[in-house]
Amino acid sequence: MRLNGVLATALCSSAAFFGQVRAEESEDASTTTIAESSTTSVIEKPTFTPTNVKAEFLEQFTDDWTSRWSPSHAKKEDSKTDEEWAYIGEWAVEEPTVFKGIEGDKGLVVKNPAAHHAISAKFPKKIDNKGKTLVVQYEVKLQNGLECGGAYMKLLQDNKKLHAEEFSNASPYIIMFGPDKCGATNKVHFIFRHKNPKTGEYEEKHLKTAPSAKITKLTTLYTLIVKPDNDFEILINGESTKTGNLLEDFNPAVNPEKEIDDPKDSKPDDWVDEARIPDPEATKPEDWDEDAPFEIVDEEATKPDDWLEDEPTMIPDPEAEKPEDWDDEEDGDWIPPMVPNPKCDEVSGCGKWEPPMKKNPDYKGKWTPEYIDNPAYKGVWKPRKIANPDFFEDKTPAKFEPMGAIGFEIWTMQSDILFDNIYIGHSVEEAEKLKAETYDIKAAIEKAEEEASKPAPKPTPDSPLDLKFMDDPVKYIREKVDLFWAIAQKDPVEAIKTLPEVAGGIGALVVTILALIIGVVSMSGASPPPQVKDAAQKAKQSAMDTKDKVVDAASTATDKAQAEINKRTTRSSGPAE
């Protein structure tokens, strides 16, 4: 009975300790929620206003966008399969739903994941950049990210067959530009189709080392500038990421080689292309023994003194037992499995000893003559060069053929890709002006929105009193006990006032120890000494007093937190009654 009473006291103190912890956590959680609600701010956003920038083609997807853009109803051609893919993906013009930067600023949005999408818009008049700089610029916003899919545009060749409702992957284009990502592929495409002046056939020219696309939910601005001297530059968010020349940085090259290998030429029969040969004058030395073994028995080796020749290397498993369902008549005599002999692990070895092998000092292996330079060597044979009958030289590939429309023809696993503020023209300055009016403004706001949406980092506790039990229970208890002991050495009363939960825990521990002593004495039949009884009674009373203080402290903390919540709630909902 005494032991049960003491254990009850210890449990009460422990419950009070954790009650204090829960009260602290409740107060901290309430404070955190209140702090979050009080620091949330709304970022002011400007209202969309159409630009006055002039361009051969400029699109901000205003309310009359349907008069310019037409979704395709064609079938997608696939040379790798007989299947036909319909452009079933839907398009919409709407404001972004993720990190909106400007109120009322709408863009063209891909609405369906895992679908083929195609849409195009004709230019007011064909764009011919002969002798002019070509500037292509547009915004891409990956509202759901991009794991696999394209977000590039095509500038379509101007011809009479350009029908918007029939726009597909087979429609001839002049330039393809923009981001594309799937698996290991992550690049900003720059491809242009070049016409062979001799054959009239077109060939795609791909940028050799394309920059990586920005995979982010913030708006990204892609800009392509091609100058009349064939130099080009790709900018992402206004920063240059790739420069080069159309004649040097594309594969296959614009211009073929002037000379090619003669397809009719062949290597002569007597052509010697072996640079080195075995020395024909070399002979095998008389003392060369090709039959000598690689290893021989070490005759100098001796058996270790602790070698156990009478012990087998494997023995029946002494712990193995015959299965209960084993039938000797049907299954035969049961034999336990073999295991390594444990005695062999304690010595050099067991079983019959044999001398080890060692490398044969006389081993030479098979004799082969040394190699020497071939005196008849003529070098690596190459066919002779002849003039390339298909050679041509286009020194100005930047003179692209006229372009009559823009199109987005893509497949993507992610929906809600948004396109906006498309500029196609000849002025770098006007494109930069559009960037300043649109991208620069929304980029700063979107970044602020993104930062505001991130959860606040947990503050580092300045002292043990700032620790949270749920963050690290072990550290919480250790730091509390250390702080209690440091204060108690100077002022025990102050230690109990500051950390009553620790005092209660210590009291419970003392009572438990005394109870164990009394219990042991009682079991032996002897009555505990009076001083032990007095100490137990004092410890019990101390623990109960501490428990009351802890409960009061927990109640006070809870009341404080609830009062603060009521006060904040009243302020947010209206004047107090």
Side-chain angles (χ1 to χ4, degrees), residues 46-62 65 68 101-102 104-108 121-141 151-156 158 174-179 188-190 192 207 210-211 213-214 218-246 249 396-406 418-447:
T47 302
F48 170 75
T49 302
T51 183
N52 292 321
V53 169
K54 302 299 181 182
E56 276 61 26
F57 180 80
L58 194 147
E59 181 62 76
Q60 292 188 294
F61 297 100
T62 49
W65 71 279
R68 297 180 294 277
I102 299 175
D105 184 19
K106 299 178 180 179
L108 180 66
K122 289 186 178 181
F123 297 149
K125 63 178 182 178
K126 67 179 181 181
I127 297 178
D128 191 341
N129 73 306
K130 290 182 175 64
K132 302 176 184 178
T133 295
L134 176 66
V135 182
V136 180
Q137 179 174 284
Y138 73 117
E139 295 173 0
V140 178
K141 188 175 180 66
Y152 43 78
M153 66 159 61
K154 291 181 178 180
L155 301 184
L156 306 180
D158 182 54
I174 300 301
I175 289 177
M176 177 173 148
F177 173 64
V188 179
H189 285 293
F190 176 21
F192 68 93
L207 181 60
K214 292 280 188 181
L218 305 180
T219 297
T220 302
L221 182 70
Y222 293 95
T223 307
L224 170 65
I225 302 172
V226 183
K227 299 179 180 179
D229 62 359
N230 302 316
D231 285 342
F232 72 89
E233 182 177 19
I234 295 176
L235 301 93
I236 301 179
N237 296 340
E239 297 183 1
S240 179
T241 58
K242 178 69 177 179
T243 59
N245 189 279
L246 300 184
D249 297 287
T396 57
K399 292 181 179 180
F400 300 119
E401 291 191 5
M403 294 163 279
I406 177 177
L418 183 147
F419 305 105
D420 198 7
N421 294 314
I422 303 172
Y423 175 96
I424 302 173
H426 305 297
S427 174
V428 175
E429 292 74 18
E430 288 293 294
E432 290 180 346
K433 182 180 178 182
L434 179 64
K435 168 180 173 290
E437 293 179 3
T438 56
Y439 171 77
D440 289 349
I441 294 174
K442 70 173 64 176
I445 296 174
E446 287 180 4
K447 188 173 182 180

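For this chain, numbers begin at 1 and follow the sequence in order. Every value quoted in this text rests on a predicted model; they were computed, and no experiment measured them.
The two residues His189 and Tyr152 make their nearest non-hydrogen contact at CD2-CD2, 4.1 Å. The two residues Ala398 and Val226 come nearest to each other via the heavy atoms CB-CG1, 4.1 Å. The minimum heavy-atom distance linking Gly238 with Leu235 is given by the pair O-CD2, 3.5 Å. Closest of all the heavy-atom pairs between Gly244 and Asp249 is CA-OD2, 3.3 Å. Taking every heavy atom of both residues into account, Thr438 and Gln60 meet most closely at CG2-NE2, 3.8 Å. Of all heavy-atom pairs spanning Asn230 and Pro397, the tightest one is OD1-CD, 3.2 Å.
Taken from OG1 in Thr133 to CG in Asp229, the straight-line distance is 8.0 Å, to the nearest 0.5 Å. Note: Leu108 CG to Glu139 CD = 12.5 Å, rounded to the nearest 0.5 Å. Within the model, atoms CG of Asp128 and NE2 of His426 stand 7.5 Å from one another, a figure rounded to the nearest 0.5 Å. In this structure, CZ in Phe192 is found 8.5 Å from CD1 in Ile175, a value given to the nearest 0.5 Å. One finds the NZ atom of Lys106 at 12.5 Å from the CZ atom of Phe61 (value rounded to the nearest 0.5 Å). Asn421 CG to Tyr439 OH: the interatomic distance, rounded to the nearest 0.5 Å, is 12.0 Å.
Between Asp440 and Lys435, the closest side-chain pair of non-hydrogen atoms falls below 4.5 Å. No side-chain heavy atom of Asp420 sits under 4.5 Å from any side-chain heavy atom of Tyr138. Here the side chains of Leu155 and Phe400 are not in contact, with every heavy-atom distance at 4.5 Å or above. Contact check for Phe177 versus Val188: side-chain heavy atoms found under the 4.5 Å cut-off. Proximity of Val53 to Glu430: side-chain heavy atoms (C-beta onward) are separated by under 4.5 Å at one or more points. Side-chain contact check for Phe419 versus Met153: every heavy-atom pair is 4.5 Å or farther apart. Side-chain contact between Ile445 and Pro46 is present, with heavy atoms from C-beta onward closer than 4.5 Å.
Under the 3.5 Å distance criterion, the side-chain polar atoms of Glu56 are left unmatched by any main-chain donor or acceptor of Ile127. Side-chain atoms of Asn237 come within 3.5 Å of backbone atoms of Leu221 as a donor-acceptor pair (strictly under, hydrogens ignored). Without hydrogens or angle criteria, Glu437 side chain to Thr51 main chain gives no donor-acceptor distance under 3.5 Å.
Around the NZ atom of Lys130, the shell of radius 6.0 Å holds more than 12 heavy atoms that belong to other residues, nucleotides or ligands. Annotation for Lys214: atom NZ does not count as buried by contact number, only 12 or fewer foreign heavy atoms lying within 6.0 Å. The number of heavy-atom neighbours closer than 6.0 Å to NZ of Lys242, taken from other residues, nucleotides and ligands shown, is above 12.
Using the six-membered ring where Trp is involved, Phe123 and Phe57 have ring planes that are tilted, between 30° and 60° apart.
Remark: the Thr219 side chain and the Glu446 side chain contain an N/O donor-acceptor pair separated by less than 3.5 Å.
Ile234 pairs in a side chain to side chain contact (heavy atoms under 4.5 Å, CB included) with only one of the listed residues (Ile225, Thr243, Leu224), which is Leu224.
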